[in-house]
Amino acid sequence: MKYETVIGLEVHLQLATQTKVFCGCSTKFGQRPNSQTCPVCLGFPGSLPVLNEEAFYFSIKVALALNCQIQNLIKFDRKNYYYPDLPKNFQISQYDMPLSYNGVVYIAPQGSGERKRVRVKRVHLEEDAGKLVHPERENYSLVDFNRSGVPLLEIVTEPDIASTEEAYDYLVRLKSILKYLKVSDCDMEKGSLRCDANISVRPIGEEALGTKVELKNMNTFKGVRLALEYETKRQIGLAQEGEKIIQETRLWDSEKQITTSMRSKEEAQDYRYFPEPDLVPFVVDNAVIEKIKNSLPELPEAKANRFISEFGLSEYDAGVLTSQIDIADYFEECVKLYPNPKTVANWVTGDIMAQLNARNITMDELDVLPSSLTEILKMIESGVISGKMAKELLLESIETKSRPEDIVKKKDLFQISDTAKLEKMAKAVLKREKKSVRDYKSGKTNALAFLVGQIMRQTKGKANPAIVNEILKKELEG
Ligand code: ADP
Ligand code: ZN
Ligand code: MG
């Protein structure tokens, strides 16, 4: 029997507000443990939560960008459980009335040429827990409450995702949108973006969903992919043996590259949800929602379409350039300075993005001015430097953080396009390389490349190869 995979993803996103979601403590990452706490986020009896307006607006922004419907009445609930990083013994979350629901994210599975809808079941706002620290080789644990009460947005899909690749595509797309919205740094290493995956298998053709397993502890998109691949094989293996799949939570072990059982899955009733009595439910004015909607930035898909129609880019280039907001912005800045979008697109998707990949950094971290690239492009166009020199120049400009123009001046990199000078050199070479001249005249035309090479070597690559080529040919044939 053949099986297919069914996946639903739950993403937790820390919102980049200045202060926590129900108190005024700072959310700054990496500070001294427990230095950003107060009676509210430490769960002191009698302390009262107050909703952070910015966290709420950020949430609505995300919900609208994911095409969700906004709940008429906003209500928070208590999710009760005990854990040392949860001082109140409950988490303020949203249960039966998430602030938004019924959204959709479009992904474009490779090779299909068609985009696919992944339905978003709900987006709700809650608070993060503290963090346990387990010092190595010690028999105690420490708790840091700086993270306690940081606003967390939970984004849950319907089980619409049909493969590991689609799961990956969804995450990349979602992160791209979230970065456009500037509501989070989406840094998985810092834990600002975390993903749990639910996965089941079923015989192809079967309507009913199989028993799902929840996977946790993946710290990178690659980890999500590996964990899903492993779990797909494990579950199909069990199903083929006629074994039962147990509903449980499993942890991804990135060292051993396996998933292991953590606990049998808890049910909603285990949490004894009930409405949070210290936060009154409230209605959001439609005018407020409209205002937020109008303030949304141009999102990746719309931007890609505009790049195609406005700049005549291919769908592929437009997709690559708009996948990250800072790359798209960089591209547009460059086009303003050098209005040849196709050339700029080639350089940004080629040399610039190769640098990002090689260094594993973001555009922001690469720290190269749009004018650095466009100066180089102008120099190629006017024949000051060759295309090959341009690539080296860009690299050096990135590495030394200096302007390409200054490097060219300092290193005397100007391309030699002076015909008189090159003619003189050509004549000298022809006199010296008699054998190649004979070869050429007897029909071995590749002798020309050798002769061009001689001049290029003599000028340390600075001669304009097209002009050299032309001059030599004229001399040989004339
Ligand atoms: P729970 O009540 O266990 O949290 P939800 O219905 O809230 O379950 O779903 C949690 C996540 O699991 C969602 O992303 C959903 O799409 C996904 N999911 C639900 N059922 C399945 C299934 N049978 N196989 C794979 N994913 C599933
Ligand atoms: Zn606090
Ligand atoms: Mg759930």
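All values reported here derive from a predicted model rather than from experimental measurement. Read the numbers this way: they start at 1 and go in the same order the structure lists the ligands and their atoms.
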Suppose I only count heavy atoms of Leu9 and a 4.0 Å limit; which atoms of ligand 1 are within that range?
14 (O)

Ligand 1 to Glu158, heavy atom cutoff 4.0 Å, flagged ligand atoms 16 (O)

Heavy atoms from other residues, nucleotides or ligands near CZ of Arg117 exceed 12 (cutoff 6.0 Å)
no

Report the member of Lys121, Glu214, Lys212 with the shortest heavy-atom distance to atom 6 (O) of ligand 1.
Lys121

Is there any N or O on Pro159 that sits under 3.5 Å from an N or O of ligand 1?
yes

What angle, to the nearest 10°, do the atoms SG (Cys23) and SG (Cys25) form about the Zn ion (ligand 2)?
110°

Element-labelled atoms of ligand 1 that are located less than 4.0 Å from some non-hydrogen atom of Val156
13 (C), 14 (O)

Just distances here: any N/O of Thr157 and N/O of ligand 1 closer than 3.5 Å?
yes

If you look at every heavy atom in Gln240 and Met1, which pair is closest and at what distance?
NE2-O, 3.7 Å

Heavy-atom closest contact (Leu73 atom, Met97 atom, distance)
O-CE, 3.4 Å

Could you tell me whether some N/O pair between Gln247 and ligand 1 is separated by less than 3.5 angstrom?
no

Rounded to the nearest 0.5 Å, how far does CD of Glu10 lie from CG of Leu215?
11.0 Å

In terms of heavy-atom contacts, does CG of Asn360 have more than 12 from other residues, nucleotides or ligands at under 6.0 Å?
no

At less than 4.0 angstrom from any non-hydrogen atom of Val6, what atoms of ligand 1 do you find?
24 (N), 25 (C)

Quick one: which ligand 1 atoms are inside 4.0 Å of a heavy atom on Gly210?
23 (N)

Do Arg78 and Phe274 form a cation-pi contact, if we require the NZ or CZ to be under 6.0 Å from the six-membered ring centre and within 45 degrees of the ring's axis?
no

Assign the ring pair Phe311 / Phe307 to parallel, tilted or perpendicular, where the plane angle (0 to 90°) is split at 30° and 60°.
tilted

N/O separation below 3.5 Å, Ser200 to ligand 1:
yes

Which atom of Pro281 lies closest to which atom of Lys75, heavy atoms considered
CB-CB, 4.4 Å

Min N/O separation Leu209 to ligand 1 under 3.5 Å
no

